[in-house]
Amino acid sequence: MATTLITGGTVVSSTGRAPADVLIDGERIVGVLEPGSQLLGTDVAASVDRVIDATGKYVIPGGIDAHTHMELPFGGTAAIDTFETGTRAAAWGGTTSIIDFAVQRYGERVQDGLAAWHEKAAGNCAIDYGFHQIVGGVDDDSLAAMRSLPDEGVSSFKLFMAYPGVFYSDDAQVLKAMQVSRDTGMLTMMHAENGPAIDVLAQQLVDQGKTDPYYHGIARAWEMEEEATHRAIMLAKLTGAPLYVVHVSAKQAVEQLAWARDKGQNVYGETCPQYLYLSLEEQLGAKSGEWGSFEGAKWVCSTPLRSREEGHQDAMWQALRTNDLQMVSTDHCPFCMKDQKELGVGDFRKIPNGIGSIEHRMDLMYQGVVTGEITLERWVELTSTTPARMFGLYGTKGVIQPGADADVVVYDPYGHTSIGMGKTHHMNMDHSAWEGFEIDGHVDTVLSRGKVIVDDNAYLGAKGDGRFLKRGLSQYLI
Ligand code: URP
Ligand code: ZN
Ligand code: ZN
């Protein structure tokens with residue numbers, strides 16, 4: 001297979017940066033070399049098949065988005081990105097691996113849910129992919145089936161304290177599933193919101209005629225997230241399960257995680273770009289645009305966007321700096337406004353929940369470097385290295401070192417990216433939740449296992465390039 005040298009760039013890892021050349025042989029990185037190194041008296045650059053000039057640019061491990069939902073059935077419809085379209089959009093944005101959620105619903109077998117997800121993804125992905133398992137019906141059968149998931153390379157499962165009647169688990173079910181997590185080392189991923197209480201609040205709002213998307217955020221009050229996060233922490237403490245709380249948006253929920261971590265408990269949390277940049281007032285409350293008072297539906301997701309006045313966004317950035325939150329994933333779950341989000345015109349409860357961001361996570365987080373919210377190294381750590389460590393991929397993914405897969409992004413800090421429809425939108429939905437965002441940087445070249453799949457604003461990959469990632473257990477188990 002071909003040899004490639006990425007030369008002239010600054011290699012950035014979670015712990016530092018240095019000028020270095022990256023030598024790739026076939027699918028693997030085989031050397032991180034002094035710039036201009038020689039091999040047997042000859043310049044390495046003269047002896048390889050291909051040279052990629054990264055002068056003035058950052059060379060980083062490919063992004064790992066550990067929270068995506070391709071084709072997720074939700075609210076009578078399904079997320080609009082397929083594995084083909086969603087992973088291609090990810091590649092455009094410098095993400096070279098995803099971990100999607102296979103779904104088991106109440107009454108279904110876990111094995112069947114996982115098999116269905118393999119069928120959806122196999123042969124369709126542009127980049128490598130793994131699975132977590134959603135367990136939407138915790139019972140004796142599913143609890144038994146969960147124990148063999150690590151053998152299948154699925155080393156984490158998600159439970160929902162929200163969405164009664166859909167994916168919801170009550171405390172007894174959570175407790176039992178966490179006991180399996182303790183026994184097997186599988187990470188428990190938790191959607192921490194008090195679903196039954198939210199449903200009452202939502203019904204009361206609708207009864208008062210408060211049906212606009214904005215009220216989705218009012219019903220799903222931060223107290224509901226704080227309370228459920230605390231409950232999840234206590235159940236994890238009781239059972240000894242390792243806990244990872246997904247899509248954290250409330251500063252009070254972060255305080256719960258920090259409190260538990262300070263006591264030595266093995267708990268972690270992620271946030272998403274929407275909780276760093278967007279707000280209840282500006283986006284969920286939007287009333288102008290093509291959709292008038294329904295415009296805010298574009299940003300209906302759960303947990304919801306939070307009030308900027310209350311300072312949640314600043315608290316999320318701070319938590320990323322202090323390591324009270326360890327990762328940034330997208331929770332990519334895209335729906336079109338037409339025919340999908342519009343199911344909820346007149347009743348916000350019927351708006352399918354989710355935002356599409358898979359294409360923009362690396363850029364949006366790099367903008368945090370530009371504005372001084374995080375360091376360059378922390379950018380790499382939050383978007384690639386920690387996801388690899390957290391979800392059993394490290395060494396193969398998440399790092400530029402000999403032996404690792406050659407998943408590499410050449411990122412230009414002097415480039416520019418304008419996000420929006422007709423500009424940089426390769427996701428399947430009919431709008432962009434990030435329309436108008438400007439990024440002071442640009443994804444120039446993306447390699448997936450040594451193959452250049454994006455270069456100079458052109459997509460060079462193919463459906464089926466991506467392989468299933470059999471993951472090991474988390475490195476964060478103690
Ligand atoms: O709004 C969201 N987050 N939709 C996807 C499902 C989930 O809860 O992650
Ligand atoms: Zn969730
Ligand atoms: Zn999700």
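Given the structure is predicted, the values throughout are model-derived calculations rather than measurements. First listed ligand is number 1; within each ligand, the first listed atom is number 1.
Ring centroid separation for the pair H191 and F167 does not come in under the 6.0 Å cut-off. Aromatic rings from H132 and F391 are positioned such that their centres are separated by under 6.0 Å. Checked against the 6.0 Å centroid threshold, Y275 and W317 do not count as a close aromatic pair. Aromatic ring centres of H67 and H247 lie closer together than 6.0 Å.
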The test is side-chain hydrogen bond (donor to acceptor under 3.5 Å, both in side chains); show your working for S288 and E295 and say whether it passes. CA-CA 7 Å; S288 61; E295 190 73 11; over 6 Å; no
Mind running side-chain hydrogen bond (donor to acceptor under 3.5 Å, both in side chains) on E359 and H425 for me, showing each step along the way? CA-CA 8 Å; E359 189 169 352; H425 184 92; 5.2 Å; no
Worked verdict on N353 versus S302 for side-chain hydrogen bond (donor to acceptor under 3.5 Å, both in side chains): CA-CA 6 Å; N353 285 200; S302 297; 2.5 Å; yes
Decide side-chain hydrogen bond (donor to acceptor under 3.5 Å, both in side chains) for D183 and Q179; before the verdict, give the C-alpha distance in whole Å, the side-chain angles of both, and the deciding distance to 0.1 Å. CA-CA 6 Å; D183 292 349; Q179 287 169 338; over 6 Å; no
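Close contacts between ligand 1 and F160 involve ligand atoms 8 (O) [criterion: under 4.0 Å to a heavy atom]. When each atom of ligand 1 is checked for a heavy atom of H67 under 4.0 Å away, the hits are 9 (O).
Here the Zn ion (ligand 3) is the vertex; the NE2 atom in H67 and the NE2 atom in H69 give an angle of 100° (to 10°).
In D331, the part holding a heavy atom less than 4.0 Å from any atom of ligand 1 is the side chain. Under 4.0 Å from ligand 1, not a single heavy atom of H332 appears. Here C301 has heavy atoms under 4.0 Å from ligand 1 in both its backbone and its side chain.
A side-chain donor-acceptor contact under 3.5 Å links Y411 and D363.
For the residues K158, H216, M189, the heavy atom positioned nearest atom 9 (O) of ligand 1 is part of K158.
Using cut-offs of 30° and 60° on the angle between ring planes, the pair F131 and Y129 is tilted. Using the six-membered ring where Trp is involved, W434 and F437 have ring planes that are perpendicular, over 60° apart on the 30 and 60° scheme.
Listed by chain and number, K158 NZ, H191 ND1, H247 NE2 are the protein N/O/S atoms closer than 2.8 Å to the Zn ion (ligand 2), with waters left out.
Here the protein heavy atom with the shortest distance to atom 4 (N) of ligand 1 is N353 O, 3.0 Å. Scanning the protein for heavy atoms near atom 2 (C) of ligand 1, the closest one is S302 O, 3.5 Å. The nearest heavy-atom contact from the protein to atom 8 (O) of ligand 1 is H191 ND1, 3.0 Å. H69 NE2, 3.7 Å is the protein heavy atom nearest to atom 6 (C) of ligand 1.
Contact of the H230 side chain with the M234 side chain is registered, since non-hydrogen atoms from C-beta on lie closer than 4.5 Å.
Q283 places a side-chain N or O within donor-acceptor distance of the main-chain N or O of S279, the cut-off being under 3.5 Å.
The Zn ion (ligand 3) lies at 2.8 Å or more from every N, O or S atom belonging to C333.
In terms of polar-atom proximity, defined here as any N/O pair under 3.5 Å, Y163 does make such a contact with ligand 1.
Taking 4.0 Å as the cut-off, F101 does not count as a neighbour of ligand 1 on heavy-atom distance.
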